[in-house]
Amino acid sequence: MRILCTNDDGIHAPGLKSLEAIARSLSDDVWVVAPETDQSGVAHSLSLNDPLRLREISERHFAVKGTPTDCVIMGVRHLLRGAKPDLVLSGVNRGQNVAEDVTYSGTVAGAIEGTILGVPSIALSQAYGAGGRHELPWHCAEHHGPKVIRRILDLGIDPGTLVNVNFPGCEPEEVEGAAVVNQGQRTQELLRLDEREDGRGNPYYWIAFERKPFTPGNGTDLWAIANRRIAVTPLRLDMTDEPSLTRYARAFE
């Protein structure tokens, strides 16, 4: 099995090392094509106004001056042209990608692009633990990742579908199993703008999220992570809302 690995945290991110370890437990044929710099939050964007610069780091390891989407295209259509990968793995992201995160996430976008190009694709993310962003339990994803991926591959990934996997922020032995769950939804009251001033008194802003008590919906990815479950969520490229489609079609007859 030929595996193409990418991420959105950049070529030197610790989560990418974890992803490669997971991939190498599944196959000896592993290629890494990742962004030159951190591309978190770029979603499924393409570099259309700038050239893509490809830099070989070492054997089968490449950095691209571009987005995760660019990296997957570069891997599938250039580096591996004529020898298409059998699987795209994207991650392991620093922090969970659940609920609305999937629309912003470059990690999920890497799996989206793999799916568009006809390659079964899985996005993987590691939630923060008690130590916060500086002490992520990467070994949780490394320990459970291979088994989860094998199970997904045994079941098969339908065309037009990718799988989003999130590991809870705890020790591997503390994980309470895996749960196949829906994409959740947060309350947008948590979203805020942090207003500041620069040295000349000019205002600037950071997008931020308040830490308030929040009860996730049962059976969602948010619920799974909160209950130390590995969240497994199939996502479709086709975002058509069928009930609305039917209702609108009747109105436009």
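Since the model is a prediction, treat every value here as computed from it, not as a measurement.
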For residues 243-253, please give each side-chain donor-acceptor pair under 3.5 Å, one per line with the distance, not counting sequence neighbours.
| residue | atom | partner | partner atom | Å |
| --- | --- | --- | --- | --- |
| Ser244 | OG | Asp241 | OD2 | 2.6 |
| Thr246 | OG1 | Glu242 | O | 3.2 |

**Item:** Closest contact, heavy atoms only, Ala127 versus Pro137
**Value:** O-CD, 3.9 Å
**Request:** Please check if Val165 and Leu19 belong to a single hydrophobic cluster, counting links between Ile, Leu, Val, Met, Phe, Trp and Tyr side chain heavy atoms closer than 4.5 Å.
**Result:** yes
**Asked** Taking only residues two or more places apart in sequence, or in another chain, which ones meet Thr69 in a side-chain hydrogen bond (donor to acceptor under 3.5 Å, both in side chains)?
**Response** none
**Item:** Closest heavy-atom pair and its distance - Ala99, Gln185
**Value:** CB-N, 4.0 Å
**Request:** Among Ile57, Ile11, Leu54, find the residue that satisfies the side chain to side chain contact (heavy atoms under 4.5 Å, CB included) test when tested with Phe62.
**Result:** Leu54
**Request:** Inspect the surroundings of CD in Glu174 and state if more than 12 heavy atoms from other residues, nucleotides or ligands are less than 6.0 Å away.
**Result:** yes
**Asked** Distance from Asp194 atom CG to Tyr205 atom OH, nearest 0.5 Å?
**Response** 11.0 Å
**Asked** Does the Asn227 side chain pair with the main chain of Trp223, one donor and one acceptor, at a distance under 3.5 Å?
**Response** yes
**Item:** Within 6.0 angstrom of Glu171 CD, more than 12 heavy atoms from elsewhere
**Value:** yes
**Prompt:** Hey, are Asp101 and Arg186 close enough for a salt bridge, meaning a charged N less than 4.0 Å from a carboxylate O?
**Reply:** yes
**Message:** Nearest 0.5 angstrom please: Asn7 CG to Leu124 CG, how far?
**Reply:** 11.5 Å
**Distance-minimising heavy-atom pair for Arg94 and Trp138** = CA-CH2, 3.7 Å
**Asked** What's the shortest heavy-atom distance between Ser90 and Ala111, and which atoms?
**Response** CB-N, 4.0 Å
**Prompt:** Looking only at atom types and distance, does a side-chain atom of Gln126 sit under 3.5 Å from a main-chain N or O of Ala141, one as donor and one as acceptor?
**Reply:** yes
**Remaining members of the apolar cluster that contains Leu155, side-chain heavy atoms under 4.5 Å** = none
**Asked** Any side-chain heavy atom of Val175 within less than 4.5 Å of one from Cys170?
**Response** yes
**Message:** Using a strict threshold of under 4.0 Å (side-chain N to carboxylate O), is an ion pair present between Arg55 and Glu36?
**Reply:** yes
**Message:** Whether the side chain of His61 engages the backbone of Glu59 through a donor-acceptor N/O pair (distance < 3.5 Å, no angle test) should be reported.
**Reply:** yes
**Message:** For Leu136 and Tyr128: C-alpha separation, side-chain torsions, deciding distance, then whether side-chain contact (heavy atoms from CB on, under 4.5 Å) applies.
**Reply:** CA-CA 5 Å; Leu136 267 75; Tyr128 295 153; 3.3 Å; yes
**Request:** State, with a plain yes or no, whether a side-chain heavy atom of Val92 is found less than 4.5 Å away from one of Ile22.
**Result:** yes
**Complete:** Smallest heavy-atom separation, Leu4 atom then Gly75 atom, equals CD2-CA, 4.2 Å
**Electrostatic pair Arg60-Asp29, nearest N-O below 4.0 angstrom** = yes
**Flag, side chain of Asn93 to backbone of Thr107, donor-acceptor distance under 3.5 Å** = no
**Non-hydrogen atoms of Val64 and Cys71 that approach each other most closely** = CB-SG, 3.7 Å
**Asked** Taking a hydrophobic cluster as the set of Ile, Leu, Val, Met, Phe, Trp and Tyr residues connected by side-chain heavy atoms closer than 4.5 Å, whether directly or through intermediates, do Val72 and Leu46 fall within one such cluster?
**Response** yes
**Asked** With no hydrogens and no angle check, do the side chains of Glu142 and Ser18 hold a donor and an acceptor under 3.5 Å apart?
**Response** yes
**Prompt:** Partners of Arg236 by salt bridge (Lys or Arg N to Asp or Glu O under 4.0 Å), sequence neighbours excluded?
**Reply:** none
**Request:** State, with a plain yes or no, whether a side-chain heavy atom of Leu26 is found less than 4.5 Å away from one of Arg150.
**Result:** yes
**Asked** Under a 4.5 Å side-chain heavy-atom rule over Ile, Leu, Val, Met, Phe, Trp and Tyr, are Val32 and Val76 clustered together?
**Response** no
**Request:** Identify whether Val30 and Val88 are in the same connected component of the hydrophobic contact network (ILVMFWY, side-chain heavy atoms under 4.5 Å).
**Result:** no
**Message:** Could you measure the distance from the OG1 atom of Thr115 to the CD1 atom of Ile157? Nearest 0.5 Å is fine.
**Reply:** 7.5 Å
**Prompt:** For Arg24, does the CZ atom sit with more than 12 other heavy atoms under 6.0 Å from it, leaving out its own atoms?
**Reply:** yes
**Asked** From Leu52 CG over to Ile73 CD1, what is the distance, rounded to the nearest 0.5 angstrom?
**Response** 8.0 Å
**Asked** So, Thr233 versus Asn164: side-chain donor-acceptor pair below 3.5 Å or not?
**Response** no
**Prompt:** Same hydrophobic cluster for Ile149 and Ile3, using side-chain heavy-atom links shorter than 4.5 Å among ILVMFWY?
**Reply:** yes
**Message:** Tell me whether Ser47 contacts the main-chain N or O of Asp50 through its side chain, where contact means a donor paired with an acceptor under 3.5 Å.
**Reply:** no
**Spatial distance of atom OH (Tyr204) from atom CD (Glu195) [nearest 0.5 Å]** = 10.5 Å
**Fill in**
Output for pair (Met74 CE, Arg53 CZ), nearest 0.5 Å, gives 10.5 Å
**Asked** Remaining members of Ile116's ILVMFWY cluster at a side-chain heavy-atom cut-off under 4.5 Å?
**Response** Val102, Val108, Ile112, Leu162, Leu235, Leu237
**Request:** Check whether any side-chain heavy atom of Val232 sits under 4.5 Å from a side-chain heavy atom of Arg151, and report yes or no.
**Result:** no
**Prompt:** Does atom NZ of Lys147 have more than 12 heavy-atom neighbours from other groups under 6.0 Å away?
**Reply:** no
**Asked** Quick check: does any side chain N or O of Arg229 sit under 3.5 Å from a backbone N or O of Glu176, one acting as donor and the other as acceptor?
**Response** yes
**Asked** Considering only heavy atoms from C-beta outward, does the side chain of Val42 approach that of Asp8 to under 4.5 Å?
**Response** no
**Request:** Using distance alone, with no hydrogens and no angle criterion, decide if Asp9 and Ser40 have a side-chain donor and acceptor under 3.5 Å apart.
**Result:** yes
**Side-chain (Asn166) to main-chain (Asn97) donor-acceptor, under 3.5 angstrom** = yes
Side-chain donor/acceptor pairs under 3.5 Å, residues 78-86, sequence neighbours excluded:
| residue | atom | partner | partner atom | Å |
| --- | --- | --- | --- | --- |
| His78 | ND1 | Arg81 | NH1 | 3.0 |
| Arg81 | NH1 | His78 | O | 2.7 |
| Lys84 | NZ | Leu117 | O | 3.0 |
| Asp86 | OD2 | Arg2 | N | 2.7 |

